[in-house]
J.: 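This is the structure I have questions about; it appears just below.
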Amino acid sequence: QTGIATSTGLTTSGFDDSDSIYAIGGSYNFSIDEKYLLGIGFDYNLNDIDVGTSKLTNHGAGGITIDWNEYELKDLFSVYIKPQLVIDEDKLIYAKLGYVSADLSINKANSEYVSSSNESMHGYTVGAGYKQAFSQSFFGFFEVNYTQFAEDSALANYTNIGGDYTYSSDVDIDFYAAKVGIGYQF
């Protein structure tokens with residue numbers, strides 16, 4: 001016996017203050033004139049990001065809602081363009097507009113969980129930042145970003161005494177992030 005169960009909401013929770021994300025990236029800047037640069041670049045997150053727990057409501061048992069599965073984003077990366085305004089030889093401000101992609105997977109699953117396929121999530125990111133040069137080669141930066149993934153559905157396979165079934169969750173993920181970092185320029 002096989003069936004499909006549908007949930008209308010993977011609820012996602014934002015990062016809490018204790019979450020840290022480690023990323024690497026690179027970019028190349030083109031000089032438009034002495035006050036403006038245009039950069040292209042990429043960022044890749046080195047660790048996975050917990051995004052929330054799906055909720056399962058049993059309408060037959062009086063609407064009881066339980067935590068079901070915990071989801072995470074893996075292999076999150078972005079490619080972007082970065083228009084920049086030079087304030088002086090050591091400082092600049094910038095905006096970022098980019099494409100993001102990640103795999104959504106189950107981090108902790110219900111005891112009936114058997115398997116799932118990683119869903120590829122795609123979306124966009126926008127942000128703004130400040131860059132301060134410390135020397136000819138080293139710099140620091142601070143930026144804030146908003147990321148929105150397109151809504152999707154995640155499927156997982158389960159088994160219990162009643163038989164096998166597939167569970168579908170609607171997924172809607174967006175988040176804000178603040179980045180602080182150091183870099184080396186050639």
Side-chain angles (χ1 to χ4, degrees), residues 4-28 39-57 65-83 94-131 140-159 165-183:
I4 188 162
T6 302
S7 170
T8 56
L10 168 67
T11 57
T12 60
S13 59
F15 303 41
D16 63 30
D17 292 338
S18 64
D19 285 341
S20 296
I21 298 171
Y22 305 97
I24 59 172
S27 65
Y28 184 81
I40 57 171
F42 73 93
D43 290 331
Y44 178 80
N45 284 27
L46 299 172
N47 57 328
D48 300 333
I49 302 170
D50 293 332
V51 293
T53 303
S54 61
K55 307 287 185 186
L56 183 64
T57 302
T65 300
I66 60 170
D67 289 345
W68 190 245
N69 296 318
E70 289 183 19
Y71 288 83
E72 66 184 0
L73 291 174
K74 293 182 167 209
D75 297 323
L76 174 63
F77 75 90
S78 66
V79 291
Y80 58 83
I81 59 171
K82 183 167 68 170
Y94 58 89
K96 283 175 79 172
L97 176 61
Y99 163 81
V100 293
S101 179
D103 290 332
L104 179 72
S105 65
I106 294 176
N107 181 25
K108 292 182 184 171
N110 175 275
S111 61
E112 298 173 357
Y113 172 78
V114 175
S115 67
S116 65
S117 60
N118 286 352
E119 289 293 324
S120 291
M121 305 288 293
H122 306 280
Y124 70 91
T125 187
V126 295
Y130 171 77
K131 178 180 170 184
F141 68 92
F142 172 78
E143 69 182 48
V144 292
N145 297 291
Y146 171 75
T147 301
Q148 170 73 55
F149 287 94
E151 289 187 32
D152 207 342
S153 293
L155 296 175
N157 300 309
Y158 299 87
T159 190
Y165 63 99
T166 299
Y167 178 71
S168 173
S169 292
D170 295 329
V171 180
D172 183 14
I173 299 172
D174 67 320
F175 58 87
Y176 292 93
K179 292 183 182 181
V180 176
I182 57 171

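Note that the structure is predicted; figures quoted are calculated from it, not measured.
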J.: Where is the tightest heavy-atom contact between Met121 and Ala150, given as atom of each residue plus distance?
T.: CE-O, 3.7 Å
J.: Less than 4.5 Å apart, any side-chain heavy atom of Leu73 and any of Asp48?
T.: no
J.: Compare every heavy atom of Gly26 with every heavy atom of Tyr80, then report the nearest pair and how far apart it is.
T.: OH-O, 3.9 Å
J.: With rounding to the nearest 0.5 angstrom, report the NZ to CZ distance, Lys179 to Phe141.
T.: 6.5 Å
J.: Locate the shortest heavy-atom distance separating Phe149 from Val100; write the atom from each residue and the value.
T.: CE2-CG2, 3.8 Å
J.: Kindly give the heavy-atom pair with the smallest separation between Ser27 and Lys82, and that separation in Å.
T.: OG-NZ, 4.1 Å
J.: Tell me, please, which residues at least two apart from Tyr28 pass ring-ring contact (aromatic ring centres under 6.0 Å, His included).
T.: Phe30
J.: Closest heavy-atom contact between Tyr130 and Tyr94?
T.: N-CE2, 3.6 Å
J.: Which pair of heavy atoms, one from Phe142 and one from Val180, lies closest together, and at what distance?
T.: CD1-CG2, 3.6 Å
J.: What is the distance from atom CG of Asn45 to atom OH of Tyr22, rounded to the nearest 0.5 Å?
T.: 12.0 Å
J.: Sequence neighbours excluded, which residues qualify as salt bridge (charged side-chain N to carboxylate O under 4.0 Å, His left out) partners of Lys96?
T.: Asp43, Glu143
J.: Do Asp75 and Phe77 have side chains that approach each other closer than 4.5 Å (heavy atoms only, starting at C-beta)?
T.: no
J.: Which value, rounded to the nearest 0.5 Å, describes the distance between Ile24 atom CD1 and Phe42 atom CZ?
T.: 6.0 Å
J.: Mind checking whether Asn145 and Phe175 have side chains closer than 4.5 Å, heavy atoms only?
T.: no
J.: Once rounded to the nearest 0.5 Å, what's the spacing between atom CG of Leu104 and atom NZ of Lys74?
T.: 10.5 Å
J.: Side chains of Gln148 and Asp172: closer than 4.5 Å at any heavy-atom pair?
T.: yes
J.: In Å, rounded to the nearest 0.5 Å, how long is the span from OH of Tyr176 to OG1 of Thr125?
T.: 11.0 Å
J.: Is it the case that over 12 heavy atoms from other parts of the model lie below 6.0 angstrom from the CD1 atom of Ile182?
T.: no
